Protein chains: 2
Amino acid sequence: MPSSRTTTAKTRSKPADHRRGEKAGSARAPQPAKASSSEPASSRAERAAGRRQAIIDAALDEFISRGFTATRLDDVAKRAGVAKGTIYLHFKDKESMFEELIRTALVPLIGRLHAPPAIGGSVRDAIEGFARTFVQEVASTRRGEIVRLIVAEGPRFPSIADFYYREVVSRGLAAIRALIELGVARGEIKQKNLARFPQILVAPALIAVIWQSLFGRHAPLDATEMLGVHLDMIFGERRTA
Amino acid sequence: MPSSRTTTAKTRSKPADHRRGEKAGSARAPQPAKASSSEPASSRAERAAGRRQAIIDAALDEFISRGFTATRLDDVAKRAGVAKGTIYLHFKDKESMFEELIRTALVPLIGRLHAPPAIGGSVRDAIEGFARTFVQEVASTRRGEIVRLIVAEGPRFPSIADFYYREVVSRGLAAIRALIELGVARGEIKQKNLARFPQILVAPALIAVIWQSLFGRHAPLDATEMLGVHLDMIFGERRTA
DNA sequence: CAAATATGACTGACTGGTCAGTCATTGTCA
DNA sequence: TGACAATGACTGACCAGTCAGTCATATTTG
């Protein structure tokens, strides 16, 4: 619905290539370096990559603080230090840019979920590790806002909601469920039914993220403490206070 | 004094149509707040109230499915079966209309929170009652979407977030906290620290609402079942499986 | 009680500003 | 120098908010 009016495309003489953001820089060197204050030896490709990254960062900030529709690409361009036209060298349009950003922003999260499962240690330690990682990497960073952004815009971007469900939610819940079942088998967790709703285990973590976005300035919430209490409830009181 | 403003264009052709009499459209709300159903013939004031209600319903639907910025007041007017100008007879502008709608939509929720506390029955029963009410009145109605809308637009409407925190969240959590403390005192709840974070108790309920909005069509979630399991975790396994 | 008059709810074309997306021009590197 | 990256002025759609005009209803008058 938003801006689908490109129908009048006149198929300009330009080669129809137009690399979409999608896979463009997949083979790039693992050293984006972001906005390089100094420009030592930058090849054209490297500078292009740097600009692309600047656009991504700027756009993410704008989308987070304004939402999809209210974000102006003029502002994104200004913040990224490029002209508006440059954005269209990297992304097809506002909508696909938004979708790609959300997808990309999630990749790091997915990686963390595949952390080594607790084979040696206790299940509680494993989950505690997840919780700590979550607080550090999500709750107290921009990524937390991205989670809120998904909640906010998901219904209007079904493809994002679907992608998110497939790539993050279903996998994450499956991993958590496996851990819960292990915990039940080992006797660490009493509630057998918990494995049926792994959502219960992650719910406080998500609430913490949303809370910070909405009420954080007014009534900060100690996410680490809260998650600790929650784990005590699942596994029983901690041995040492 | 005859304004000369319209002089440029000679008196336009009359608007032709002008449906009068029955308001045909979806104007009539399924739940007339006023006693408009009693009187077949509506007075001017009554019709105005009916229109106002139609606008409110239409606007809420549009805001829910599109968000604040992407909602067009032309669409709201069309859906309500009124002209756009009519909206401005009832609301100052789009923003204050949005704020008023969100506030109004919450009033019924607040009422429920002040339900009779469990003096006679068990704390678990009281909380179970809350949960049941929540599922019936929020999770499975449009109000659930309003919760999501607040999460989505809250950061851009601090006054809404503040209002919501003051009127709903802080009061609701205080009530829950009191119940938890009662439960701890009675020995129904083991985890004493739970009272420090009443958020843990309501977290799964909110997650259920958000889940339905985002993934409901793809992977429906049995909120009642989940909340039941969660309560089992807090109070201990239910007597009868 | 009916006709005349006043009221104001309602309308929708219109204005002014905004912004996504384009493309002719300019700049830069290999 | 040729190819391509980058620019930013420009276009046209879009939409919040306005207001002169309309007419059903309410009120007053004869």
Side-chain angles (χ1 to χ4, degrees), chain A residues 1-15 17-19 24 39 41-52 54-55 59 62 66 68-78 80-98, chain B residues 1-23 25 27 41-52 54-55 59 62-63 66 68-78 80-98:
Chain A
M1 181 132 300
S3 80
S4 57
R5 59 158 220 83
T6 323
T7 46
T8 14
K10 46 174 60 174
T11 334
R12 299 205 302 26
S13 55
K14 203 142 186 211
D17 175 27
H18 246 260
R19 99 202 52 36
E39 300 174 17
S42 34
S43 74
R44 213 186 253 201
E46 281 167 342
R47 300 221 289 145
R51 286 181 167 217
R52 187 190 160 81
I55 291 169
E62 291 289 328
R66 292 183 153 53
F68 174 79
T69 309
T71 288
R72 290 170 295 230
L73 292 195
D74 283 293
D75 289 348
V76 172
K78 199 195 294 184
V82 301
K84 184 157 59 147
T86 305
I87 293 173
Y88 288 88
L89 298 175
H90 295 276
F91 301 93
K92 178 169 152 284
D93 57 18
K94 190 185 180 186
E95 197 168 319
S96 57
M97 174 170 135
F98 180 71
Chain B
M1 158 263 212
S3 162
S4 59
R5 185 174 165 300
T6 323
T7 46
T8 41
K10 56 98 149 234
T11 326
R12 294 180 307 75
S13 56
K14 54 159 22 187
D17 181 359
H18 252 251
R19 70 219 137 357
R20 268 294 112 97
E22 27 64 78
K23 281 261 57 76
S42 24
S43 74
R44 226 194 245 200
E46 282 167 340
R47 300 222 286 141
R51 298 215 141 145
R52 185 189 162 84
I55 291 170
E62 291 289 327
F63 281 136
R66 293 193 161 36
F68 174 78
T69 309
T71 288
R72 288 171 296 230
L73 292 194
D74 283 293
D75 288 348
V76 172
K78 198 195 297 182
V82 301
K84 184 154 60 143
T86 305
I87 293 173
Y88 289 88
L89 299 176
H90 294 278
F91 301 93
K92 178 170 153 285
D93 57 18
K94 191 185 181 187
E95 196 168 318
S96 57
M97 175 169 134
F98 180 71

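Everything quoted here is computed from the prediction, not taken from an experiment. The chains referred to below are lettered A, B, ... by the order of the sequence lines, with proteins before strands, and numbering in each begins at 1.
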Margin query: Which label fits Phe63(B) and Phe68(B): parallel for a plane angle under 30°, tilted from 30 to 60°, or perpendicular past 60°?
Written below: parallel
Margin query: Once you apply a heavy-atom cut-off of 4.0 Å, does Thr71(B) come out as touching a base, just sugar-phosphate, or nothing?
Written below: sugar-phosphate
Notebook entry, point to check: If each of Gly85(A) and Ala70(A) is mapped to the nucleotide of DNA chain C with the nearest heavy atom, which maps nearer the 5' terminus, i.e. the 5' end?
Noted result: Ala70(A)
From [options], pick the nucleotide closest to the side chain of [X]?
X        : options                   : result
His90(B) : dG17(D), dC10(C), dT22(C) : dC10(C)
Leu89(B) : dA6(D), dG21(C), dT11(C)  : dT11(C)
Leu73(A) : dG21(C), dT11(C), dT7(D)  : dG21(C)

Item checked: For the student: nearest non-hydrogen atoms of Arg66(B) and Arg72(B), plus distance -> NH2-NH2, 3.8 Å
Next item on the list: Specify the closest pair of heavy atoms between Ile55(B) and Val82(B), including all atoms of both residues, with the distance to one decimal.
Entry: CG1-CG2, 4.1 Å
Note to self: Looking at Thr71(B) and Glu62(B), would you say the former's side chain and the latter's main chain have a donor-acceptor pair under 3.5 Å?
What the structure shows: yes
Margin query: Has Lys78(B) got a side-chain atom pairing as donor or acceptor with Lys84(B)'s backbone, closer than 3.5 angstrom?
Written below: no
Next item on the list: Could you tell me whether the phosphate oxygens of dA6(D), OP1 or OP2, come under 4.0 Å of any side-chain nitrogen or oxygen in Thr86(A)?
Entry: no
Rounded off to whole Å, could you give me the [atom1]-to-[atom2] distance for the [X] and [N] pair?
X        : N       : atom1 : atom2 : value
Tyr88(B) : dT15(C) : OH    : P     : 17 Å
Ile55(A) : dA5(D)  : CD1   : P     : 13 Å
Asp93(A) : dT22(C) : CG    : P     : 9 Å
Arg66(B) : dC15(D) : CZ    : C1'   : 14 Å
Lys78(B) : dT11(C) : NZ    : C1'   : 16 Å
Arg51(A) : dT28(C) : CZ    : C1'   : 11 Å
Lys84(A) : dT11(D) : NZ    : P     : 14 Å
Asp74(B) : dA13(C) : CG    : C1'   : 11 Å

Note to self: Using a distance-only criterion (donor-acceptor N/O pair, under 3.5 Å, no hydrogens), is the base of dG17(D) paired with the side chain of Lys94(B)?
What the structure shows: no
